[in-house]
Amino acid sequence: MTVDGANPATEKRESPRRKILPYGDRHGDGMVQVSFTLELPDGPEAEEAGRQVMKLMGLTDPQIVSSEPLGPSFTFFVGYGKLLRPVDLDNLKVAKLPWEKLDPETINKMVRERLGRPIIVVGAATGTDAHTIGLDAILNYKGYAGDHGLEAYSAFRVVNMGSQVENRDLVAKARELRADAVLVSQVVTQRNVHISNLTALVELLEAEGLRDDVVLVCGGPRLSHALAVELGYDAGFGPGTKPSEVASYLVQEVLKRKGV
Amino acid sequence: MTVDGANPATEKRESPRRKILPYGDRHGDGMVQVSFTLELPDGPEAEEAGRQVMKLMGLTDPQIVSSEPLGPSFTFFVGYGKLLRPVDLDNLKVAKLPWEKLDPETINKMVRERLGRPIIVVGAATGTDAHTIGLDAILNYKGYAGDHGLEAYSAFRVVNMGSQVENRDLVAKARELRADAVLVSQVVTQRNVHISNLTALVELLEAEGLRDDVVLVCGGPRLSHALAVELGYDAGFGPGTKPSEVASYLVQEVLKRKGV
Amino acid sequence: MNSPGRLRLNLDPGTVAACHESGQAIAEKVWKELEGLSTVAVERAVARLFGIDGADSAGLPLPNVIVDALSRSGGLEDGVAIHLAKACLETGGEPQDVAEDVACGQLDFASIPDRPRRELEDKARELARRAIDRILDRRKEREELISRLGQSRQPWLYVIVATGNIYEDTIQARMAASQGADIIAVIRSTGQSLMDFVPYGPTTEGYGGTYATQDNFRLMRKALDEESEKLGRYIRLVNYCSGLCMPEIATMGAFERLDVMLNDAMYGILFRDINMERTLIDQRFSRMINGLSGIIINTGEDNYLTTVDAFHHGPQVLASEFINLHFARMAGIPDEQIGLGHAFQIDPWLESSLLYEISMALLVRQCFPNCPVKYMPPTVHKDGNIFFAHALDTMYNLVASLTGQSIHLVGMLTEAVHTPFLQDRFLSIQSAKYVREASRGLSDNFSLVPEELIEKRAQSLLQSAKEVLEHVKDTGLFAAIEEGVFAGVKRDRHGGRGREGVFKKSARYFNPFEEILSSRSKAF
Amino acid sequence: MNSPGRLRLNLDPGTVAACHESGQAIAEKVWKELEGLSTVAVERAVARLFGIDGADSAGLPLPNVIVDALSRSGGLEDGVAIHLAKACLETGGEPQDVAEDVACGQLDFASIPDRPRRELEDKARELARRAIDRILDRRKEREELISRLGQSRQPWLYVIVATGNIYEDTIQARMAASQGADIIAVIRSTGQSLMDFVPYGPTTEGYGGTYATQDNFRLMRKALDEESEKLGRYIRLVNYCSGLCMPEIATMGAFERLDVMLNDAMYGILFRDINMERTLIDQRFSRMINGLSGIIINTGEDNYLTTVDAFHHGPQVLASEFINLHFARMAGIPDEQIGLGHAFQIDPWLESSLLYEISMALLVRQCFPNCPVKYMPPTVHKDGNIFFAHALDTMYNLVASLTGQSIHLVGMLTEAVHTPFLQDRFLSIQSAKYVREASRGLSDNFSLVPEELIEKRAQSLLQSAKEVLEHVKDTGLFAAIEEGVFAGVKRDRHGGRGREGVFKKSARYFNPFEEILSSRSKAF
Ligand code: B12
Ligand code: B12
Ligand SMILES: Cc1ncc(COP(=O)(O)O)c(C=O)c1O
Ligand SMILES: Cc1ncc(COP(=O)(O)O)c(C=O)c1O
């Protein structure tokens with residue numbers, strides 16, 4: 001037993017704030033929970049293989065705390081281990097949002113005064129993706145989480161093409177309406193189908209010579225600004241996005257491009 | 001869309017059976033689930049740090065799928081990523097159980113015929129550990145999961161000292177009874193207290209010159225044979241151990257040592 | 001059928017009867033309006049029923065080849081049955097031979113001489129009866145397997161596999177069965193519902209699901225039959241009888257002994273923007289086949305609850321269930337095969353949300369006492385916090401058991417992340433099994449306190465559903481959908497996909513299945 | 001108090017009354033037998049109540065120094081109160097001064113001249129009244145905070161922190177409160193219960209918990225008070241009033257405004273092999289203090305269910321609750337502060353296990369309608385499958401809400417792995433909050449069907465508990481424990497730890513608290 005006797009202990013946080021480890025029970029313990037499946041029948045071999053998986057993840061003190069047969073030839077593991085490699089916060093590249101949040105009145109006023117006509121926005125869920133709720137949340141009047149969609153702004157004229165729209169139909173519509181911005185939603189991500197769909201759209205726009213005429217934006221639960229930029233988009237919006245964030249971005253980007 | 005048309009596809013499992021990756025949805029996808037906490041307020045910086053943690057675990061395509069504030073200064077993450085470093089099954093060192101499973105009649109008969117007296121076993125939950133259920137499951141008549149405890153065998157004379165037994169009292173009892181085997185249970189493992197307790201017992205037995213006179217066995221939910229051997233024990237038993245397994249081991253090991 | 005024990009809502013029987021009346025009137029009116037029309041999909045299904053299978057050298061399935069050929073030659077309006085009968089009589093071959101000959105250009109429908117109507121109809125009837133016998137054989141096979149192997153007590157646990165690769169799917173399906181699943185659904189790849197043909201052969205490259213093909217059906221059926229034998233209980237197989245090929249898939253499912261089909265009268269219209277008339281005609285023929293094959297259909301009202309707020313839109317779900325029920329009955333399906341859809345989708349953070357869920361779940365159960373309701377798990381309010389999602393599913397599991405649901409679709413903790421991994425399915429089945437067994441008998445121990453929240457809520461939902469149904473009856477279903485009565489989606493009667501596949505039947509039109517099955521269904 | 005709504009079991013009032021009678025008789029008989037004894041722990045508590053705190057240069061706490069000194073000088077049999085009063089009168093100092101002087105050898109009890117009995121008793125009474133006022137001030141402070149800040153609706157969510165380090169504990173406790181916890185317990189390090197002194201100062205090195213010290217109590221109280229202000233609801237603090245220092249911890253808790261104390265009449269005997277007489281004497285004095293301070297005690301019957309099979313051993317749990325209740329009432333604690341322990345521990349894979357859990361939970365609730373029952377989560381049947389453990393907790397959460405439990409100890413998904421991580425507590429609280437809010441009003445909507453499993457099981461448990469109680473009344477509690485009636489554990493009346501700390505009171509023995517508090521308790 002160790003009791004600190006009469007000396008009140010004051011524990012120091014050993015590592016400086018800018019390098020951090022995962023926190024389980026105590027500062028710096030590095031504790032991480034993992035789970036995974038191996039194609040091996042439950043037993044000592046599988047368990048040792050499970051421990052090896054944890055070691056391959058760089059975990060110190062790997063503990064398999066559960067192994068469950070998923071049938072005759074697969075085993076599921078739950079494990080806890082310590083990741084003692086710190087994240088260096090000073091060297092973190094956080095994809096910064098290149099716009100600031102504005103309120104609806106400001107947005108409407110900016111567009112009225114500086115552009116003199118609404119920004120034309122065309123949106124669609126492309127390819128075979130039939131998930132419209134996210135796109136509707138951004139575009140439709142009703143909006144999302146109490147925040148109205150782009151339709152509710154005088155600053156935007158919105159055309160929502162709905163779901164399962166082929167890229168070529170979207171591009172044709174953008175051309176027809178002389179759209180200022182094209183908004184694409186991608187929700188299904190199995191086997192990275194969203195990546196190929198999104199890439200194909202960029203290529204098509206480029207081939208048609210339209211890429212520079214529009215602000216190109218994508219969104220969906222597995223998208224982030226960083227990924228969007230990587231794919232050749234101007235911006236990307238992930239889960240929980242509010243329509244007003246998209247509105248703020250669009251107005252700033254479109255006005256900047258128009259030089260007004 | 002890719003349909004395989006008139007050619008029925010027959011997918012080959014690319015890697016040979018002896019090198020395996022975690023299995024999520026498909027053979028070889030390497031999918032692993034992780035969760036952990038960082039001492040950072042929820043937000044883009046925390047999320048990026050979370051992704052870095054996953055990278056430090058060697059995960060390809062790290063996806064943070066949830067980040068939840070645990071209060072003002074901590075964030076909890078759930079992530080999925082791919083571990084594409086295979087486990088080489090051929091090089092796996094599986095701590096082999098150095099005994100075979102025997103049935104109770106055989107055990108009783110072996111001891112009766114070859115030793116001529118019961119094997120004397122002393123057991124205890126040592127240190128400040130008050131968990132007796134695991135120890136009782138192995139020692140007491142009632143046993144565990146329908147398998148009777150050592151008390152039920154004519155082959156053993158069992159002294160169960162109960163919980164919170166000091167190492168020195170256990171050693172004294174072993175000496176007094178001329179025990180053939182000493183069985184220790186350790187359930188509380190916070191901050192590795194079980195390791196220090198178990199190590200201290202080995203040192204005490206050595207100091208008292210008793211170590212070689214007894215078969216020394218430990219057990220508990222976070223113990224394994226491999227760890228036990230590392231700590232200087234003859235054997236270790238983990239979660240789900242059945243008393244008959246312990247009985248099988250003890251009879252073979254004791255008879256071997258006695259050379260009978 | 002599973003039962004909600006002593007949990008009985010005090011519902012006004014007059015209101016329930018009024019809902020049935022409106023539902024039936026709505027379905028009948030639609031059918032009157034559409035009686036003179038058929039679709040390319042119905043005709044392709046007839047071709048398949050006559051045994052036509054395979055694809056041409058360009059990969060186009062032979063049923064499409066036949067229908068396209070007839071369409072070009074102007075004979076489609078008579079229905080394919082008459083023309084195939086004629087060709088068979090002419091060539092002495094089977095429909096499959098005819099189709100192959102047409103495909104390679106050796107046979108041209110236009111050039112086959114006509115025969116007396118009677119002779120053609122008799123030949124068509126003969127071919128149809130063979131198809132019906134083939135289907136009834138599979139049905140009997142199912143009944144025998146169930147009586148020999150047995151099956152789980154309800155609620156049956158239903159899980160999906162969706163790797164996109166049929167071979168991986170069979171592995172996962174076997175594991176799921178061995179973990180305790182009673183029903184396995186192979187989810188379809190995105191986009192298939194909008195394809196106007198059914199792909200041929202086994203497939204390995206779907207997105208968010210696996211293509212529905214007859215070979216895929218067969219491969220999975222075989223895997224599950226083996227597993228059923230191993231486990232000593234019959235494992236049911238599900239696919240999606242929806243989209244532009246609904247009647248063909250019904251046929252394929254009937255031939256390959258599927259047990260359950262997602263099959264809704266309006267889903268295609270609302271969620272896939274398929275033309276109204278096309279969908280409503282297709283659903284009728286597909287349901288005639290589903291009814292015959294003993295397949296349980298599952299309707300899709302659960303989807304409304306994922307699209308609009310579940311707390312406020314209960315009445316339209318109930319209204320839609322009455323309509324779907326009567327469409328199905330009209331197609332000859334007995335209630336025991338009509339698995340109406342419902343779901344647990346109210347915002348979990350709403351105070352007393354569980355009481356509202358119980359209320360609606362009981363209501364649906366009680367309005368359709370003989371229907372094997374398919375109860376769907378929470379999905380919309382899940383996010384990447386897989387632990388919370390697992391807790392939410394656990395409460396859903398309890399409600400499924402307490403309210404006596406028959407088919408219990410097992411929710412996945414990773415719903416908001418990916419189509420289920422092997423381990424996700426295991427964990428979800430484990431917890432559903434636990435709740436099912438732990439709560440056995442619970443509903444026999446409780447009775448409802450009258451006039452408390454649960455009962456009052458159910459009464460008001462029923463009353464509102466009645467009003468919705470009366471409105472739809474008055475305006476007609478087409479106009480109601482144009483108004484956006486269901487799932488907040490508005491569709492134009494003359495818009496939507498697949499409209500070009502609807503055609504007016506000629507005076508000579510003949511479909512032997514319609515004739516035989518309608519008289520059969522009278523006998524049910 | 002939370003209520004089980006319309007869920008009322010039909011129990012025979014005569015059987016309940018008989019259980020109470022036996023419970024009371026058992027407790028009274030024990031007390032009669034022990035009236036002439038006191039313990040070193042009671043005397044150290046008196047010293048603490050008189051304001052003695054701190055440790056000597058060797059780290060031995062001053063209350064121990066005093067008691068040891070009196071023990072050596074032969075004065076302990078009179079109780080420390082008399083001797084401290086005498087020393088104060090003699091030196092003109094406070095008890096703390098006396099203790100410090102004794103510790104450094106400047107004062108020797110044996111050498112202080114005697115005084116008239118009356119004078120000594122009056123001084124002791126004065127010191128006791130000061131202590132009582134100090135405690136009542138803290139009690140009033142709590143009442144004011146609650147009325148100003150408010151508190152959550154029941155069931156209150158109770159979580160543990162157990163890092164071993166009080167500073168880390170305060171961080172985790174604050175986070176837990178901000179996540180929605182209503183009650184925070186600081187779990188004690190293994191081994192502390194067998195230490196015959198209370199460590200002094202803040203500590204950072206516990207195992208499986210943090211040492212209970214007065215400084216640790218104070219640090220945590222301060223953190224939670226700050227958090228209460230921030231959150232606008234009063235957060236309760238719990239520690240363990242058990243083991244060899246039970247009465248001292250009651251004192252420390254009273255001084256530091258703890259709100260809840262684990263405090264059982266028999267736990268120490270059964271689970272720590274502490275001597276029977278020692279435990280039963282200590283529990284009485286500690287409960288007098290707990291009662292005074294307005295602290296809710298929690299008894300430990302839940303522990304029986306972790307040690308023996310929960311399905312078969314319900315009756316002994318109920319019997320023990322009756323005994324614990326009457327021991328507490330005898331010590332002057334009103335029912336509103338007697339949080340009897342119960343737990344959800346039946347094998348989850350037993351068919352209808354949930355019905356058995358509901359039955360027992362209702363039974364306990366209904367037998368003790370004014371007691372804030374502490375309902376403990378499943379632990380024994382959890383293993384490292386944290387997902388299944390989470391599902392199990394979710395069902396437990398529902399039963400807690402449905403059966404109207406007051407104090408809801410939140411189960412942890414990692415129960416079988418480690419003391420809770422920050423994230424484990426978050427996930428568990430999140431799911432418990434969800435169930436609590438989602439099921440609001442559920443028990444008002446259901447009534448029990450008479451004579452079904454739930455009611456019949458409860459009736460039979462009650463009947464068996466009555467039989468157990470009658471047996472214990474007949475043999476006496478000491479003999480019953482020797483027989484192994486509770487938790488399958490047998491203890492010898494004269495065995496066990498801490499026996500040497502029990503002593504016979506002399507004829508001069510005086511304890512002003514006993515006198516004042518027993519007369520006070522009559523007034524409750
Ligand atoms: C509702 C739902 C459906 C409904 C869709 C109804 C409709 N009208 O949209 C129905 C039932 C029809 C459906 C069908 C299918 N679904 Co679905 N569905 C969901 C579900 C439950 C919720 C999705 C949702 O609406 N979320 C709410 C919205 C508001 O969130 P969001 O989409 O993330 O949008 C926000 C942001 O991402 C962003 N955003 C999104 N888009 C855009 C676009 C722009 C421009 C911007 C700026 C921002 C933005 O802003 C939004 C607001 O914050 C999810 C599971 C889940 N809980 O997430 C599965 C899910 C998305 N579906 C899935 C699948 C596979 C399907 C099917 C393919 C299954 C099948 N084979 O039948 C089908 C077919 C659909 C098809 N062809 O694509 C999978 C996808 C798996 C994957 N990762 O690849 C999921 C994850 C379920 C699962 N685990 O299997 N689904
Ligand atoms: C029951 C229980 C208790 C009971 C114990 C009753 C008793 N008579 O034993 C009570 C309520 C008293 C208790 C108290 C405490 N407990 Co406790 N308890 C548990 C619980 C729920 C189950 C343990 C158990 O009995 N398992 C069943 C047995 C059969 O399994 P087993 O021990 O693994 O034994 C098997 C094998 O390991 C092996 N084995 C075990 N020992 C031996 C020995 C030999 C020689 C051999 C061959 C094999 C063998 O064979 C057995 C049969 O297969 C666990 C959580 C859990 N679900 O695991 C927590 C747990 C073990 N307890 C814990 C803690 C912290 C405590 C306390 C310290 C809390 C506190 N501060 O108050 C106290 C104090 C106890 C003390 N001084 O040690 C922690 C330990 C955390 C850690 N990893 O360090 C756990 C994990 C809970 C938690 N998450 O916080 N506990
Ligand atoms: C009734 C019904 N049909 C079909 C589907 C699937 O959609 P698709 O037809 O696009 O494969 C669903 C979705 O769950 C459904 O509920
Ligand atoms: C009533 C009671 N007292 C005490 C304890 C804790 O044990 P210890 O006294 O060893 O700290 C428990 C364990 O949960 C308990 O239930």
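Values below: every heavy atom of this structure, side chains too, minus hydrogens, waters and symmetry copies. Throughout, protein chains are lettered first and strands after them, A, B, ... in sequence-line order, and every chain is numbered starting at 1.
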Between D:Arg221 (side chain) and D:Arg257 (backbone), is there a donor-acceptor pair under 3.5 Å?
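Answer holds: yes.
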
Please find out if less than 6.0 Å separates the ring center of D:His418 from that of A:Tyr80.
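Yes - the distance between ring centres of D:His418 and A:Tyr80 falls below the 6.0 Å cut-off.
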
Quickly, which of A:Leu139, A:Val246, A:Asn160, A:Ile138 forms a side-chain contact (heavy atoms from CB on, under 4.5 Å) with A:Val121? Name it, please.
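Exactly one pass, corresponding to A:Leu139.
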
Interchain contact, [X] with chain A, by part (heavy-atom threshold 4.5 Å):
X        : answer
D:Pro61  : neither
D:Asn385 : both
D:Ser57  : neither

Heavy-atom proximity to chain D below 4.5 Å, by part of A:Ser35:
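Side chain only.
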
Under 4.5 Å from any heavy atom of chain D, what part of A:Phe76 do you find: side chain, backbone, both or neither?
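Contact with chain D is through the side chain of A:Phe76 alone.
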
With a sphere of 6.0 Å drawn around NZ of A:Lys242, does it hold more than 12 non-hydrogen atoms of other residues, nucleotides or ligands?
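Not more than 12 within 6.0 Å, no.
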
So does D:Lys222 have more than 12 non-hydrogen atoms from other groups sitting under 6.0 Å from NZ?
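Counting neighbours around NZ of D:Lys222, 12 or fewer heavy atoms of other residues, nucleotides or ligands fall under 6.0 Å, so no.
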
At a heavy-atom distance under 4.5 Å, which candidate from D:Ile166, D:Asp383, D:Leu422 has the highest pair count against chain A?
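The answer is D:Leu422.
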
